[in-house]
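Report on one structure; see the data block that follows.
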Amino acid sequence: MEHGQYLRFLRPYLFPLSSSRTAVYARLFSASRCHPIKTGHSQCLGLQSTSSRALHTSTSRRSTSSSSEAPARDLVASSSRRDPIDTRIQKLKESNALHYPRLGPRPNRISISDFREKYEYEDTKTASEEFVLEGRILSIRRSGSKLIFFNLIGNQQLVQVMVSLNQLSKPKPEPQQFKDAMRPFLRGDIVSVKGTAMRTDAGELTLRATELPTILSPCVATLPEVIHDQKTLVLNRHVDFLVNRRATDILRLRSHIMQWMRDFFYVRDFLEVQTPILADHAGGAIARPFVTSATEFPRKELALRIAPELWLKRLVVGGHERVFEMGPAFRNEGIDTGHNPEFTMCEFYSAYSNLSDLISMTEDLITGLLNKTEELKSQKLRSLEKLNVELPKTRWKQVEFIPALQEILDIKFPDLSDPNSLPTLIELAENLAGLTPGPNATMPKILDELASKYLEKDSEKYPLFITNHPACMSPLSKSFTCPKTGQLVSARAELFIGCREIANMYEEENDPFEQRRKFQLQLEAKNSAAVGDGQAEVDESYAQALEYGLPPTGGWGCGIDRLVMLLSGATRIGDVLSFGNLKNVVSVRQAAKES
């Protein structure tokens, strides 16, 4: 993705918003289904069912082509046969197998993974203990009328099951009874099997059934092997997880990442908290909020939060010196491959921590995550490719915002704390950087575009910290005069990896008088830009909270979705969300209404 599609900074309080039609974010870490009775199920879903023996392929088997581009033979087959769902239901009824029974006592139940672990290295020749395994049938192989093999999958673990008429406990069914009992079983059915452990002549661990298997939940719909149509994929995410191993592995990796991060903070004595999602004002950044109402306040407009920052810093004021939160935030703006109106972020605040402390902690966290991810990929999540990221053996590279740009462009910036310097900055951007600032260009936005073009690209191979941004870009950060340039800059750093922004951190402004002044400057900048409808105001309640004393505090933020994209290799944010982006989620119900 071109970097120009993003607003580059995680908390760009001075950035004006684009129109509601523009698919951008203030960077804060930042087909209808046919009726089964009316038409063929495989045709209406754009699915193809074959006799493949794998439920999950080793790599993602997707195609962005439409269903009309599927092989012609598939379409002919779909249109010429009866609806498979209706046929399947009828056959289950005829076999008296269309049941969804309750689970009774199973004292000898064991998970597939525990079964495999128990007998992985153990000799099964003398194994006599009976177990009950439950899972989904992956594939069925029938060898004559008296012997059936099927693969059973549960929680991503696979085991072979052998159902032999000759191996069943007495009283054994008659051959025809056995044949009739096993006829309804198909790929996709969720079943329960009781048996003992054995190994085949090829050494494959197998559960030898001692009783006829039971269908717990029949798979009435046709479970496809390949999804041809992208629209079908996003409207049937549950099928995507069943068919594409990579989709499942990305979701599992996301869970491991969030758990690892929690453990990282817990070990360092951080307190996990939850702050309000609904409030009368969505503070902490400039972004267009979602607004709603509550029956308790029928005449008051409420907003979903766009950032938890100000709430978390109130907790630090209240004596909780180390706090973090992982949770959702909402921005009523556009959707693209890297942005979704609903996203997950992690923020932490640590009293008595400076920028150097935050950078060091970030290096430890990211290094640990990279190592954990590679371990998971080699052992469990094998469908995910290895990362193309190298970590330095020494401290990670840091570049200072203004000195680095001045050296690259061979210029000297005007005093960026002076609002009257904007025309000069625009002229420099046009003549030296080839940028074309629009009529509503602001100083923070122009500086952001310069950094995107000249600084962020150095993170393609190795991680990069960009530090000490101009103060106008970070109104909630502590400011100081840069000894090299004499410019007023913020005690802030951004981490980039692979030309993607991963984390943002800075020393928090704890002077209530200075904070009020910065809020006012933020409001004036928004009003002068005269674009967007994001909330910006002097948050007097927060300024009053600072009057009780906020200790020198370091704050840090990271977008979980963007982090999972980096670590998993996903190129679209929808791939790391359980049910895709907002368009996908809305389309699921809409498609059902239209069917």
Side-chain angles (χ1 to χ4, degrees), residues 36 41 49-55 81-112 115-116 124 127-154 157-201 204-225 242:
H41 181 64
S49 178
T50 70
S51 59
S52 170
R53 295 172 58 179
L55 180 66
R81 66 172 181 260
R82 293 178 58 194
D83 173 65
I85 295 180
D86 190 40
T87 302
R88 169 67 167 152
I89 292 173
Q90 184 61 34
K91 288 184 176 180
L92 287 167
K93 288 181 178 179
E94 292 173 356
S95 300
N96 194 28
L98 187 60
H99 302 293
Y100 298 83
R102 292 183 61 206
L103 293 175
R106 292 110 64 227
N108 52 351
R109 179 191 180 271
I110 188 173
S111 68
I112 294 176
F115 178 78
R116 295 198 63 89
T124 61
S128 59
E129 186 177 1
E130 288 187 323
F131 297 100
V132 173
L133 297 184
E134 295 154 346
R136 187 184 294 271
I137 294 179
L138 179 67
S139 62
I140 297 182
R141 290 95 66 199
R142 303 179 188 270
S143 181
S145 60
K146 299 181 180 180
L147 180 62
I148 295 176
F149 290 91
F150 54 80
N151 288 341
L152 202 64
I153 190 169
Q157 295 293 314
L158 185 69
V159 70
Q160 179 173 260
V161 174
M162 182 185 77
V163 187
S164 171
L165 174 60
N166 297 328
Q167 298 291 331
L168 296 180
S169 301
K170 294 181 180 180
K172 294 181 181 180
E174 294 296 323
Q176 187 60 43
Q177 291 176 323
F178 178 82
K179 183 178 180 180
D180 291 342
M182 296 305 298
R183 182 182 294 115
F185 289 78
L186 288 178
R187 178 177 182 269
D189 288 344
I190 298 171
V191 302
S192 175
V193 190
K194 185 177 183 179
T196 59
M198 62 165 284
R199 290 190 182 275
T200 63
D201 293 339
E204 183 173 358
L205 178 62
T206 302
L207 181 76
R208 175 174 46 205
T210 56
E211 296 180 5
L212 287 172
T214 302
I215 296 179
L216 300 177
S217 182
C219 183
V220 177
T222 302
L223 183 61
E225 298 284 351
L242 289 173

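Here, residue 1 is the first one in the sequence, and each next residue gets the next number. Owing to the predicted nature of the structure, the values given are computational and were not obtained by experimental measurement.
- There is a side-chain donor-acceptor pair under 3.5 Å between Thr210 and Glu130.
- Scored by the side-chain contact (heavy atoms from CB on, under 4.5 Å) test, Ser95 finds Ala97, Pro184 as partners (sequence neighbours excluded).
- In this structure, Arg208 contributes its side chain and Gly195 its backbone to no donor-acceptor pair below 3.5 Å.
- No side-chain donor from either of Gln160 and Arg199 sits under 3.5 Å from a side-chain acceptor of the other.
- Using a cutoff of 4.0 Å between basic side-chain nitrogens and carboxylate oxygens, Glu225 and Arg187 are scored as salt-bridged.
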Worksheet item: Ile137 and Leu152: side-chain contact (heavy atoms from CB on, under 4.5 Å), yes or no, with the steps?
Response: CA-CA 5 Å; Ile137 294 179; Leu152 202 64; 4.3 Å; yes
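- No side-chain heavy atom of Pro213 sits less than 4.5 Å from a side-chain heavy atom of Val161.
- Within the 3.5 Å criterion, the main-chain N or O of Ile85 finds no donor-acceptor partner in the side chain of Thr87.
- The CD atom of Gln177 lies 14.0 Å from the CE atom of Met182; values are rounded to the nearest 0.5 Å.
- A heavy-atom distance below 4.5 Å is found between the side chains of Leu242 and Arg136.
- Here the closest non-hydrogen pair linking Asp189 and Cys219 is OD1-N, 2.7 Å.
- Between the side chains of Gln90 and Asp86, no donor N or O sits under 3.5 Å from an acceptor N or O.
- Side-chain contact between Ser143 and Ile148 is absent, with no heavy-atom pair separated by less than 4.5 Å.
- The salt bridge (Lys or Arg N to Asp or Glu O under 4.0 Å) pairs that include a residue from residues 209-219 are Lys194-Glu211, where partners are two or more places apart or lie in different chains.
- Scanning all heavy atoms of the two residues, the minimum distance from Pro218 to Leu92 falls at CB-CD1, 3.8 Å.
- Between Val193 and Phe131 there is no side-chain heavy-atom pair separated by less than 4.5 Å.
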Discussion item. Phe149 vs Ile140, test: side-chain contact (heavy atoms from CB on, under 4.5 Å). Steps then yes/no.
Written reply: CA-CA 6 Å; Phe149 290 91; Ile140 297 182; over 6 Å; no
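- Annotation: side chain of Phe150 is in contact with side chain of Val191 (closest heavy-atom distance under 4.5 Å).
- Taken to the nearest 0.5 Å, the CG atom of Leu207 stands 10.0 Å off from the CD1 atom of Ile110.
- Within the 4.5 Å cutoff, the side chain of Tyr100 has no heavy atoms near those of the Leu216 side chain.
- Applying the salt bridge (Lys or Arg N to Asp or Glu O under 4.0 Å) definition to pairs two or more places apart or across chains, those involving residues 93-110 are Arg106-Glu134, Arg109-Glu134.
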Practice prompt. Could you give me the CA-CA distance, side-chain angles and deciding distance for Ile153 and Ile112, then say whether side-chain contact (heavy atoms from CB on, under 4.5 Å) is met?
Written response: CA-CA 8 Å; Ile153 190 169; Ile112 294 176; 5.6 Å; no
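- In this structure a side-chain-to-backbone donor-acceptor pair under 3.5 Å is missing from Lys146 to Pro175.
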Discussion item. Run Leu168 and Phe178 through side-chain contact (heavy atoms from CB on, under 4.5 Å) and show every step you take.
Written reply: CA-CA 10 Å; Leu168 296 180; Phe178 178 82; 4.0 Å; yes
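- Side-chain contact between Met162 and Leu147 is present, with at least one heavy-atom pair separated by less than 4.5 Å.
- With contacts defined as side-chain heavy-atom distances shorter than 4.5 Å, the pair Ile190/Ile215 does not qualify.
- To the nearest 0.5 angstrom, Leu158 atom CG is 7.5 Å from Ser139 atom OG.
- A pairwise comparison of heavy atoms in Thr222 and Pro84 identifies OG1-CB, 3.4 Å as the closest pair.
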